[in-house]
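Proteins come first, then strands; the chains are lettered A, B, ... in the order of their sequence lines, and each starts at number 1.
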Number of protein chains: 2
Amino acid sequence: MLPKNYQLIYEIVEESGLGHHLTPSEIYALARRRRPGLGLTTVYRGLERLRDLGLVSELNVPGADAAAYEPSGPRHAHFRCKRCGTIEDVAFAIPARTLRKLAAAHGFTIDAERITFGGRCSACSA
Amino acid sequence: MLPKNYQLIYEIVEESGLGHHLTPSEIYALARRRRPGLGLTTVYRGLERLRDLGLVSELNVPGADAAAYEPSGPRHAHFRCKRCGTIEDVAFAIPARTLRKLAAAHGFTIDAERITFGGRCSACSA
DNA sequence: GACTCTACTGGGAATGACTTTCATTTTCAA
DNA sequence: TTGAAAATGAAAGTCATTCCCAGTAGAGTC
Ligand SMILES: [Mn+2]
Ligand SMILES: [Mn+2]
Ligand SMILES: [Zn+2]
Ligand SMILES: [Zn+2]
């Protein structure tokens, strides 16, 4: 049975939607509006649990100063603008067949794939 | 003209070879063997400069507690074992044509691509 | 209800990678 | 030679994340 606080944390990430990416501090701020006494530590613990359960995905974008979380969903890549820091979803994933080949060739097993692009977003290109 | 210290830092990364990935602390330790007075700050500054010059590439592997550096070379992906933490090169890169398509579709420009796989290495699978 | 054992909680301290600051030294072109 | 700009290292600062620990809430049992 998922503790009430973790449930709340999940709802916040879940309601943020698939294109959004929240940091623990942002989640903390949102959660405290509904449960003022909540501690930041609990947010970190909750996110860890939800990650282990596969309910949320952690995003480690180079250049960002904090991890970001999103509800688990279809595999996709991310783009981060080096100028303004915005993070966008990119509909791209490496085909399962390719992953299988790579794993076989190298002798390891792959259970996670992280793809991040860096550059200038359309707004910052002008 | 590249300062002498930065030159030394570059040599250390360069000599480590293409499959190796050194953290700033490791580079610091190696550099101090040849130049005992060197400061860690200078190592960070040197790596930043070398990165700007395109001579070294920074690696931000999720799960690792520090950035890693390698000499710039052919684009490739990385694999990190979740059990033992080893990082391996993986000969895989997204075709330039695909990158161009993605950039065009989203309206941004891509100048960096970071691909990391996570899982179990062959040693840790047994 | 009362009891018990465990999981959960939150505040504060600790950690550790990285950055900033600043006074001093080195470089190098004029 | 000389003066401005770049480089240097020690020390202090920042900040996300983790650790610690003494309470508390919950689920299950009687
Ligand atoms: Mn996403
Ligand atoms: Mn590599
Ligand atoms: Zn932008
Ligand atoms: Zn391993």
Hey, are the side chains of [X] and [Y] touching, using non-hydrogen atoms and a 4.5 Å cut-off?
X        : Y         : answer
Thr98(A) : Lys101(A) : no
Glu58(A) : Leu47(A)  : no
Phe79(A) : Cys121(A) : yes
Phe92(B) : Ile94(A)  : yes
Asp89(B) : Glu70(B)  : yes

Note to self: Closer than 4.0 angstrom, basic N to acidic O: yes or no for Glu15(A) and Arg34(A)?
What the structure shows: yes
Notebook entry, point to check: Which nucleotide of DNA chain C is the first, and which the last, in the 5' to 3' direction, to come under 4.0 Å of a heavy atom belonging to chain B?
Noted result: dA17(C) to dT21(C)
Notebook entry, point to check: If you look at every strand shown and take non-hydrogen atoms under 4.0 Å, does Leu40(B) touch a base, only sugar-phosphate, or nothing?
Noted result: nothing
Next item on the list: Identify the two heavy atoms, one from Ala31(A) and one from Leu8(A), that lie closest to each other, and give their separation to 0.1 Å.
Entry: O-CD2, 3.9 Å
Note to self: Quick check for you: to the nearest 0.5 Å, what is the distance between Arg97(B) atom CZ and Leu102(B) atom CG?
What the structure shows: 12.5 Å
Notebook entry, point to check: Between Glu58(B) and Arg32(A), which has a closest nucleotide on DNA chain C that is more 5'?
Noted result: Arg32(A)
Next item on the list: Look at the side chain of Arg32(B) and the backbone N and O of Leu38(B), then say whether any donor-acceptor pair between them is shorter than 3.5 Å.
Entry: yes
Checklist line | Segment of DNA chain D, first to last nucleotide, that comes within the 4.0 Å heavy-atom reach of chain B | finding: dA7(D) to dA11(D)
Next item on the list: Check each residue of residues 44-54 of chain B for a non-hydrogen atom within less than 4.0 Å of any atom in DNA chain D, then write out the ones that pass by number, or none.
Entry: Arg45(B), Arg49(B)
Notebook entry, point to check: According to the interplanar angle, ranging from 0 to 90°, do the rings of His76(A) and His78(A) count as parallel (below 30°), tilted (30 to 60°) or perpendicular (above 60°)?
Noted result: perpendicular
